[in-house]
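To find a chain, count down the sequence lines: A is the first, B the second, and so on, and within it residues start at 1. These figures come from a predicted structure and were not determined experimentally.
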There are 2 protein chains.
Amino acid sequence: MIITTFNVNSIRSRTDIVRLLIEKHNPEIIALQEIKCTPDLFPELIFPDYKCLVSGEKSYNGVAICTKLDSVHFENEFQDSLDQKRSLFVKFENFTLMNIYFPHGDLRNNDKFNYKLTFYKKLLKFLNENFTPDDPIVMLGDFNVALTDFDVYDPEILRDTIGTMPEEREALRELINFGLVDTYRHVHPTDPGFTWFSYIGGEVWKNNGMRIDYILVTRPLLDKIKRVEVDFSLRRRRTPKPSDHAPLLIEIDI
Amino acid sequence: MIITTFNVNSIRSRTDIVRLLIEKHNPEIIALQEIKCTPDLFPELIFPDYKCLVSGEKSYNGVAICTKLDSVHFENEFQDSLDQKRSLFVKFENFTLMNIYFPHGDLRNNDKFNYKLTFYKKLLKFLNENFTPDDPIVMLGDFNVALTDFDVYDPEILRDTIGTMPEEREALRELINFGLVDTYRHVHPTDPGFTWFSYIGGEVWKNNGMRIDYILVTRPLLDKIKRVEVDFSLRRRRTPKPSDHAPLLIEIDI
DNA sequence: GTGCGAAAGG
DNA sequence: CCTTTCGCAC
């Protein structure tokens with residue numbers, strides 16, 4: 001089974017690149033972030049073979065899970081505690097999928113920065129109260145944090161910028177310490193695996209990026225992983241218009 | 001020689017349809033209205049074989065003349081009396097070309113309505129003071145008036161709407177009475193020859209339009225006309241994105 | 001319906 | 001740089 005996570009930066013302006021993603025990888029599950037629309041405006045037409053679960057608001061945020069698998073049902077408790085549409089948890093037969101768009105944050109001494117850290121804490125609390133590390137969980141999405149200096153193209157240039165600050169990294173580290181494995185880094189200890197490149201200045205052509213999108217799994221799922229990869233080809237192009245994020249894929253036999 | 005007039009509704013968002021116009025008719029002169037940009041943003045690249053004279057402002061209005069003919073020079077006196085970029089007069093060797101984007105107007109008891117009528121009067125005054133009906137003049141553009149009830153698809157539905165009001169028609173009639181001939185109607189007394197179709201409701205597919213673009217000439221040029229036609233094919237399509245106006249063409253041996 | 005542009009978010 | 005929304009114009 002192939003699962004992909006992709007921050008689309010508006011699903012309505014990214015229909016062509018998503019069609020390409022489907023055509024190329026034919027994933028069983030597509031988890032999208034930043035769809036930037038309400039469910040009624042979600043372009044289901046581009047997912048003819050999928051069932052789409054959409055949690056979106058106007059203009060900002062919004063997540064969706066499009067899947068070929070049947071008999072799914074929602075977990076809404078965590079999302080219900082939020083004032084923004086940022087998460088969608090689905091229980092499949094053999095595992096729970098958590099699709100999350102973590103807050104962007106901004107810099108320190110800013111309400112948005114505190115909101116981001118609080119978000120991480122709230123999610124960890126929810127995990128501790130409702131799951132154990134022995135449960136089969138796939139948590140993926142845009143975490144808006146580069147875990148270590150190796151996960152950014154230039155730690156000096158990016159020191160103390162959004163996604164690299166110690167407080168943010170600590171928040172992500174604590175979440176992982178619940179009992180999750182960073183699958184891309186697990187499989188690729190030496191490939192940077194950047195998933196985001198600023199639109200400004202053609203950074204993608206110089207591979208000047210950050211690894212801020214992740215697929216995390218609990219240990220029971222670890223030995224089922226066949227492949228984890230970033231599809232740079234869907235970022236490194238001019239047409240169809242790319243998102244600023246590249247899709248991250250996992251092949252896993254659950 | 002082929003001369004065309006075309007309200008492009010933004011030249012920057014209409015590069016493909018203009019390229020098609022050139023490819024299809026290869027006109028010696030292209031007169032554009034509503035280019036909606038300043039000269040520095042005018043896409044000269046799509047006119048490799050033409051010299052472009054551009055009179056434009058930001059966002060609104062703006063006219064241009066692109067021509068393969070040499071040794072032209074401007075007449076700016078009329079335009080200089082305006083607060084909006086709506087006209088471009090060029091003296092060619094054997095005739096004067098006047099490219100005009102007349103005000104849209106809006107309904108009665110509106111400043112814009114009065115501005116439109118005043119514009120017509122001012123232009124007529126300028127003509128009387130600087131030209132005679134014996135001078136070779138080609139006046140073309142978007143006049144924003146349908147001269148008679150025959151020039152609209154349904155006079156009842158459109159009674160007292162913009163472009164059909166008696167005051168507007170009288171203003172255009174008086175301008176014509178300077179000594180100009182409505183070439184399309186002269187050549188096609190029984191074809192409606194609509195040049196504008198609302199984007200709303202797919203009116204173009206029902207031929208529900210108005211004839212508000214004209215090529216007028218003084219009598220000395222009348223017997224040189226070979227052909228006058230509206231190219232509906234550049235309006236009646238989905239790609240490249242059409243303007244709401246269709247180009248109007250004249251073949252004339254000046 | 002379609003265009004522009006300004007402002008906010010990323 | 002790129003997206004969304006909004007107001008305005010036609």
Side-chain angles (χ1 to χ4, degrees), chain A residues 7-15 17 33-38 41 56-62 84 86 101-107 110-113 115-116 142-145 161-163 196-205 208-210 212-213 235 238-245, chain B residues 7-15 17 33-38 41 56-62 84 86 101-107 110-113 115-116 142-145 161-163 195-205 208 210 212-213 235 238-245:
Chain A
N7 179 318
V8 281
N9 187 6
S10 174
I11 184 65
R12 284 175 295 169
S13 60
R14 223 63 77 190
T15 53
I17 204 86
Q33 302 89 39
E34 277 204 90
I35 60 169
K36 294 189 178 177
C37 68
T38 45
L41 296 175
E57 59 189 282
K58 191 163 128 175
S59 306
Y60 309 115
N61 313 314
Q84 300 177 352
R86 291 183 171 276
Y101 172 49
F102 289 76
H104 174 85
D106 211 320
L107 297 174
N110 184 303
D111 286 346
K112 290 173 187 165
F113 184 74
Y115 185 81
K116 183 176 191 173
D142 174 1
F143 288 65
N144 266 315
V145 173
T161 60
I162 299 159
W196 177 85
F197 304 85
S198 171
Y199 283 124
I200 307 170
E203 296 292 67
V204 71
W205 309 106
N208 288 353
M210 298 172 73
I212 60 177
D213 299 271
R235 175 65 183 90
R238 245 196 251 293
T239 57
K241 256 186 309 180
S243 168
D244 44 357
H245 292 252
Chain B
N7 179 320
V8 281
N9 188 5
S10 173
I11 184 64
R12 284 176 295 169
S13 60
R14 224 64 77 189
T15 53
I17 204 84
Q33 302 89 39
E34 277 204 272
I35 60 169
K36 292 187 177 177
C37 67
T38 45
L41 296 174
E57 60 189 283
K58 192 160 122 173
S59 305
Y60 308 115
N61 314 314
Q84 300 177 352
R86 290 183 171 277
Y101 173 49
F102 290 77
H104 175 85
D106 211 322
L107 297 174
N110 184 303
D111 286 347
K112 291 174 187 168
F113 184 75
Y115 185 80
K116 183 176 190 173
D142 175 0
F143 288 66
N144 266 314
V145 173
T161 60
I162 299 159
T195 61
W196 177 86
F197 304 85
S198 171
Y199 283 125
I200 306 170
E203 296 291 66
V204 71
W205 309 106
N208 288 352
M210 298 171 71
I212 60 178
D213 300 271
R235 174 64 183 89
R238 245 193 251 293
T239 59
K241 256 185 313 180
S243 169
D244 45 356
H245 292 252

Taking atom types as modelled, find out whether Gln84(B) and Tyr60(B) have a side-chain donor-acceptor pair closer than 3.5 angstrom. no

For the side chain of Asn9(A), starting at C-beta, report the closest nucleotide among dC1(D), dT4(D), dT3(D). dT3(D)

Taking the minimum atom-to-atom distance to the side chain of Tyr101(B), which one of dC10(D), dT5(D), dG1(C) wins? dC10(D)

Using whole Å, what does the distance between atom P of nucleotide dG9(C) and atom CG of Asn144(A) come to? 16 Å

Give me the atom names and distance for the closest heavy-atom approach of Tyr199(B) to Asp244(B). OH-N, 3.0 Å

Quick check for you: to the nearest 0.5 Å, what is the distance between His245(A) atom NE2 and Phe197(A) atom CZ? 11.0 Å

Please pick, from dC10(D), dG5(C), dT4(D), the nucleotide with the shortest atom-to-atom distance to any side-chain atom of Arg86(B). dC10(D)

With respect to Asp213(B), which candidate in Asn144(B), Asn7(B), Thr195(B) satisfies the side chain to side chain donor-acceptor pair (under 3.5 Å) definition? Thr195(B)

Grab the CD1-P distance between Ile35(B) and dA9(D) for me, whole Å please. 19 Å

Residue pair Lys58(A)/Ser198(A) against DNA chain D: nearer the 5' end by closest nucleotide is Ser198(A)

Rounded to whole Å, CG of Asn61(B) lies from C1' of dC10(D) at a distance of 10 Å

To the nearest angstrom, the CD1-C1' distance between Ile11(A) and dT4(D) comes to 15 Å

Would you tell me if any nitrogen or oxygen in the side chain of Lys241(A) comes within less than 4.0 Å of OP1 or OP2 on dT3(D)? yes

Whole-Å gap separating C1' (dC10(D)) and CH2 (Trp196(B)): 8 Å

Please state how far atom OH in Tyr60(A) lies from atom C1' in dC2(D), giving the value in whole angstrom units. 14 Å

Does the side chain of Arg12(B) get closer than 4.0 angstrom to OP1 or OP2 of dG5(C) through an N or O atom? yes

Length of the line joining His104(B):NE2 and dG1(C):P, which is rounded to integer Å: 18 Å

Counting side-chain heavy atoms from C-beta on, which of dT3(D), dC10(D), dG9(C) comes nearest to Ser10(A)? dT3(D)

Checking contacts here: which listed nucleotide (dT5(D), dG3(C), dC10(D)) is nearest the side-chain heavy atoms of Lys36(B)? dG3(C)

Hey, is the side chain of Arg14(B) poking within less than 4.0 Å of OP1 or OP2 on dT2(C), counting only N and O atoms? no

Please give, in whole Å, the distance from dG9(C) C1' to Phe113(A) CZ? 18 Å

Can you tell me how far apart CG (Asn61(B)) and NZ (Lys36(B)) are? Round to the nearest 0.5 Å. 9.0 Å

